[in-house]
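When reading the values below, keep in mind they use all heavy atoms of this one structure, side chains included, and skip hydrogens, waters and symmetry mates.
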Amino acid sequence: ADDVTLQLKWVTQAQFAGYYVALDKGFYEEEDLDVTINPGGPDIAPTQVLAGGGADVTVEWMPAALAAREKGLNMVNIAQPFKSSGMMLTCRKDAGVTSTDDFAGKTLGVWFFGNEFPFLSWMSKLDIPTDGSDNGVTVLKQGFNVDPLLQGQAACVSTMTYNEYWQVIDAGLTPDDLTVFKYEDQGVATLEDGLYALEENLEDPAFQDKMVRFVRASMKGWKYAEENPDEAAEIVLDNDASGAQTEEHQKRMMGEIAKLTAGSNGALDPADYERTVASLLSGGSDPVITKEPEGAWTHDITDAALN
Amino acid sequence: MLPVLTVVAGIFVIWYLASIWLNAAWAYDKATRSGEELGVVALVADTWSQEKPKLPAPHQVGVEIWDTTIEKKITSKRSLIYHSWITLSATLLGFALGTGLGIALAVGIVYNRTMDMSVMPWVIASQTIPILAIAPMIIVVLNAVGISGLLPKAMISMYLSFFPVVVGMVKGLRSPDAMQLDQMRTWNASPSQTFWRLRLPSSMPYLFTSLKIGMAASLVGAIVGELPTGAVAGLGARLLAGSYYGQTIQIWSALIMAAALAAALVAIIGLLQRVTLRRMGMA
Amino acid sequence: MIWLIFAFGVWGLGWWVNTRLAAAPRTRVTGLVVPLIFGITLIAIWEGVVRGLEISPVLLPAPSMIAARFVASTDILWEDFVQTVIKGALSGYVLGCGSAFLVAILVDRYDFLRQGLLPVGNFVAALPVIGMAPILVMWFGFDWQSKAAVVVVMVFFPMLVNTVQGLADSSAMQRDLMRTYAAGYWATLLKLRLPAAMPFIFNGLKIASTLALIGAIVAEFFGSPIRGMGFRISTSVGQLALDLVWAEIVVAAVVGSAFYGIVALVERAVTFWHPSQRHS
Amino acid sequence: MIVEQLKDATEFHRVEPVISAKNLDLTFQTNDGPVHALKDVSLQIGKGEFVSFIGPSGCGKTTFLRCMADLEHPTSGEITVNGVSPEEARKARSYGYVFQAAGLYPWRTIGGNIRLPLEIMGYSKHDQAERVARVLELVELAGFEKKYPWQLSGGMQQRASIARALAFDADILLMDEPFGALDEIVRDHLNEQLLSLWARTEKTIAFVTHSIPEAVYLSTKIVVMSPRPGRITDVIESPLPKERPLDIRDTPEFLEVAHRVREGLRAGHLDD
Amino acid sequence: MIVEQLKDATEFHRVEPVISAKNLDLTFQTNDGPVHALKDVSLQIGKGEFVSFIGPSGCGKTTFLRCMADLEHPTSGEITVNGVSPEEARKARSYGYVFQAAGLYPWRTIGGNIRLPLEIMGYSKHDQAERVARVLELVELAGFEKKYPWQLSGGMQQRASIARALAFDADILLMDEPFGALDEIVRDHLNEQLLSLWARTEKTIAFVTHSIPEAVYLSTKIVVMSPRPGRITDVIESPLPKERPLDIRDTPEFLEVAHRVREGLRAGHLDD
Ligand SMILES: Nc1ncnc2c1ncn2[C@@H]1O[C@H](COP(=O)(O)OP(=O)(O)OP(=O)(O)O)[C@@H](O)[C@H]1O
Ligand SMILES: Nc1ncnc2c1ncn2[C@@H]1O[C@H](COP(=O)(O)OP(=O)(O)OP(=O)(O)O)[C@@H](O)[C@H]1O
Ligand SMILES: Cc1ncc(C[n+]2csc(CCO)c2C)c(N)n1
Ligand SMILES: [Mg+2]
Ligand SMILES: [Mg+2]
């Protein structure tokens, strides 16, 4: 069997259910693949792991991948299981935020470590400075959780529909207490959770073939997970070595993830790609990427895998 | 024993009071949003039983530790003992490597003028580098050359633990006074004889103090090393996962467990120290 | 290949020069030059290896690249320095060491506290920072105050333990002498035990000086405003701007070493009488 | 004979015993069994006396002096200083102590070391300076005030520590082999100085020495001790006058006393 | 007169100078200026001689001994030991050194301390045990082999350190006030022992002391030094025979030499 190492963007959770299902159900084995899944974490830059040769393929957000490409790391999107973005900004009404006009003067929690790009392009689209000036917003580097919102240190924090949002709810705030800005609704959604491999590796037909089989099995896993969300969540729990995840949370997450993967057969929709690039290029004085990327995606793999 | 118990009791009292104080804001917040009035008793009861308190009450942590140690099979991924073991193995390997490196460097510094003059400033500088910043790079680089598993974590452990050993041992190996060294000179003792019969025995008190600090540092290193390996398992993973989900009770129980582990390891070294120094007639 | 040979060549040259210098009588100049040459040698080897093996700048940038970035980003580096070092580390250091010193004197004075507080203190000292930092960020907010708090927690116990140990370090005869003078508590403290404790107190201050910087930087990983050395490092790693990461690390190393050096200088002036200062 | 001597000594100074020890016993516990350092030691020292202790090394002289100074606690027996317990006497700053080793504080200069007790006892700045200068002169160390202890030879350090004990006014001086590392000339000089100081101030002095001539020359009373367990074997009252020029050492009385001390010492050694 | 003496001494042992110093100078740098510890010191010591050094404290006796032992390096001048540099002599383990302070290792018992140089020099286990027992006997410490240094009195520690230097076979013995803290009886005993050891083994001995009788009793040559800067003021060849019973100390020759030493010492003090 051929070895494949997959680097996840974050810790083991239902966000990556498709891969775990494929592993657990033997879909990879059927494709004669021996897949190792490495969970990520707050300290792991999947792009760096890919560059260092620690993984063959990685789950990454497109803004980070394109930014890395500009730095000279030739990452290529080979598949895009996620159709829509789950990113939102969740605000407390009692902090006085009900629309984007209320941001000025507020403190907003943002994820950095390569995840700040969608937020920054949104703000530049809204023409709100992020330097803490009077008519701008004060940005706070949000830790791993939603504490700043609960503690009242920030008016808004970044959340994912499938994860942090529910932590806010679990903590005792109700949807009525909150104003939620989905990036999708704001027209600044960027592509999340695509599969990326290195351009120079893809020149090798054997590697290409491996990726084709990998993507095929992975998409089979995703389909299975969408259809059997509870079982998928259980599989994820089994694979969580930290023993910290709860069944309730993972099942709910799987439900939300299914909404995001719906509509994608695994192939990248060039229109989504164009939208993402446009959004990233439009960043005013300090855009995330400075020029139109070339060769940042390919249909070769998905074409071979899905037909 | 009595003083220890008193202090511990005092800490518990302060801890309980602090958890009322720190958790009250959230209790009031909840009450106002649901339009209730909070009495003192209700307030105390609430602050001591929140699911994600700012500061969990001692009994909440105690229950969590009980649940995750005694109540779980030790092979279970939800057992703190399982995670402690994972961290412990990296700690011990890192500690052994760090102590070895530290003593080797110290001997080099004491015996080689070139090393004495050139290495020490850089050893100090190496410790001012924030380990959390380079830990992921170390792991990625080691991964790239095919080293993974226990060793990368142990390397970070080693990086943190060799420093106290170098500093302490350099001081210790230099602690014989001028007359004692002069004596060795009059006997024309070889460098290795001076080392084994004078410098090493004189450095024993320093060695053990450094080993204690080094052991605690190793543990921190092992925990740090667990974060960029995907926080897969170990006390670091528990800390992180707890932190990620705002589960303060889980953080605290992992913290206490880590501290207990460190305290136990340090106590073992303390015991070795007492036995050794007694056999040397120095205690 | 050329670059690799260059790396080995520089290594040999540096080692040779240093051996020669170290063999010469020790002066102020050689004391500075030798470590400098050692460092330059290391950096040259680094440059040679990175170029020779064509290591991707995304993994490990060459020193020349880091230097270029350093020069280009002095304003950012300065802003981060103020936030992390001046506001976070220094205030925490002063507060932590100061309070540890005072507590040590209390602990030393009352045997009850010594027997009770020290074992418990050792336990608390073993709480890993990585775990404490998110909690302290939660308690003290995301700005520099929480960083200072982390530093306080980190430096408190090394300083406490060293001071307590130092206060007990006078020899039996030195203490007997004070007894014959029927010297009171304060006289004994000021004239015997504090001076005798100085070598230990400085040990504590030195260890604390490296811990303070690490603590302040690490705490920024768990939430921070959008400046500070820890913030910049983690953000830049995410953006693969490794040159900036290393520029920050250089700042950390330089500042940390300077901090340590200053403490060591003061130590030399205060404990000139101690054997370890006298003959080396 | 010993018993008689003891009785003698006891009666002689009934009036004003400055130091009075009765049946002192002291045992140290060590890794290989107890060491009986003092056994049944009884002695009375009257006001203004100059008492020398002489005996083989390890016989308990230092230990006995430390008991007087409240630095060691007898296992049994009773000891009073100035009529009160050693502890109270110590707290009243009744004595100056010169240790067998110099024990200077390395972080203070010689001057600073001598000034130390003066600072503690609250002498005025001016008084301090004046006294430091005076005692440095006395022990012939003028000019070394600013040096640190490790820059002095062994004998010089010892003189500095004597100066330290002489700098303040204590009624009782306890001196443990203060002149051990000094040459004869300096020693003679300091012996004379000590005698004149003693005559002038009427201090009570307990003095450990290994030199028989020194003991005889200085003392009004010589206590001979013998080891294992340490006990008093002879107490000799000196018949010499209070006024003692150096050449008194050639008189028959002097030689006679010296002889007796030597005999006592020798007896102690034979016991062994 | 001094010049003559030096010439005398130089010529006397032309045959086999074991130690030869020519115009030694040594200056210590201290915080308040240089200290001139040795000035223009020249001396020859022949094989089998017993040379005592005597002089006021701080005159440089220890410093001179340390120069011979390669523990201190003269600022200028030349010194050879056994015809080679002190360093080579040290490496050949040519001498045993007794320090002014005992300097025992606290983590070794008395026996272990004495065994230390034997272990270093590679004596056999059996030989070690035998030698340790012998020298312990010699300094009257039999029975204390298993005690730790801090459980011994000052004098006992010093005897242990003497025993340590005697335990191995060195041609040259350098002894810095070895008997300072001992009482007269033990001192007499050890003096006799040392003399018989010297006669038996033909060692060359350099011996620092503060006691004039001791210097005269032991030596074939007495070197008188004077301080600031430390220099040799007199070198006295002893006319006493090699065979010296203790009561030689009452002979006129003895008293005559002692007188001359005393005068030399006094002169040194007056210089001051
Ligand atoms: N701290 C101690 N622990 C155990 N034994 C001790 C201790 N101090 C003294 N001794 C023992 O007590 C005995 C008396 O010792 P002490 O120091 O009083 O003798 P000394 O008469 O002063 O002798 P010296 O003239 O050599 O100074 C000795 O045998 C010594 O070994
Ligand atoms: N390490 C040093 N640093 C500075 N000065 C020193 C040092 N060692 C000795 N001296 C000085 O050198 C001089 C000679 O000292 P040395 O120890 O040789 O005297 P000594 O003749 O042995 O005296 P003693 O009989 O008191 O032991 C003294 O004035 C002393 O202050
Ligand atoms: C330090 C850090 N904070 C936030 C994210 C953002 N993030 C990326 S994927 C993902 C999973 C959603 O639950 C989240 C939260 C990160 N990667 N690292
Ligand atoms: Mg004594
Ligand atoms: Mg000397």
Side-chain angles (χ1 to χ4, degrees), chain B residues 99 103 106-107 110-113 116 165 168-212 269-283, chain E residues 62-63 65-73 81 86-123 146-152 161 164-165 167-170 172-176 206:
Chain B
T99 307
I103 292 179
V107 171
V110 170
Y111 275 96
N112 183 311
R113 272 183 69 91
D116 175 23
V165 179
M169 281 306 278
V170 167
K171 199 153 205 164
L173 292 175
R174 287 206 171 126
S175 68
D177 64 32
M179 194 212 303
Q180 292 174 319
L181 287 169
D182 282 349
Q183 265 167 358
M184 282 294 177
R185 275 171 70 89
T186 67
W187 300 327
N188 189 27
S190 68
S192 86
Q193 284 172 326
T194 310
F195 178 77
W196 289 107
R197 284 165 215 276
L198 175 60
R199 290 192 188 271
L200 193 67
S202 333
S203 72
M204 278 304 143
Y206 294 86
L207 174 66
F208 282 108
T209 318
S210 326
L211 289 186
K212 287 186 196 167
I269 295 179
L271 202 72
L272 281 178
Q273 173 178 31
R274 234 165 308 144
V275 171
T276 314
L277 292 189
R278 178 153 314 144
R279 284 189 57 182
M280 289 172 67
M282 287 167 85
Chain E
T62 299
T63 308
L65 230 59
R66 288 173 62 83
C67 287
M68 299 180 196
D70 186 37
L71 298 175
E72 208 82 73
H73 300 284
V81 176
E87 186 179 356
E88 284 165 281
R90 176 172 67 75
K91 296 219 162 127
R93 289 170 177 154
S94 311
Y95 57 81
Y97 196 113
V98 181
F99 287 85
Q100 194 165 0
L104 302 171
Y105 291 4
W107 58 86
R108 282 181 171 243
T109 58
I110 298 307
N113 266 288
I114 296 175
R115 210 170 311 117
L116 182 62
L118 303 179
E119 289 173 8
I120 287 177
M121 298 178 187
Y123 286 80
K146 296 245 166 64
K147 290 257 189 299
Y148 285 97
W150 41 269
Q151 293 170 329
L152 263 53
S161 100
R164 184 171 53 182
F168 56 94
D169 306 311
I172 307 174
L173 266 181
L174 307 174
M175 308 176 85
D176 196 352

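Residue B:D182 holds its CG atom at 8.0 Å from CD of E:E72, rounded to the nearest 0.5 Å. E:W107 contributes atom CH2, which lies 9.5 Å from atom CG of B:L200 (distance to the nearest 0.5 angstrom).
Interface remark: E:F99 contributes side-chain atoms only to the contact with chain B (heavy atom separation under 4.5 Å).
Residues E:Y105 and B:S202 fail the side-chain proximity criterion, which asks for heavy atoms closer than 4.5 Å.
Within the structure, every pair that satisfies the salt bridge (Lys or Arg N to Asp or Glu O under 4.0 Å) test and touches residues 109-120 of chain E, not counting sequence neighbours, is listed here: B:R197-E:E119, E:R108-E:E119, E:R115-E:E145.
Residues forming a salt bridge (charged side-chain N to carboxylate O under 4.0 Å, His left out) with E:R93 (at least two apart in sequence, or on another chain): none.
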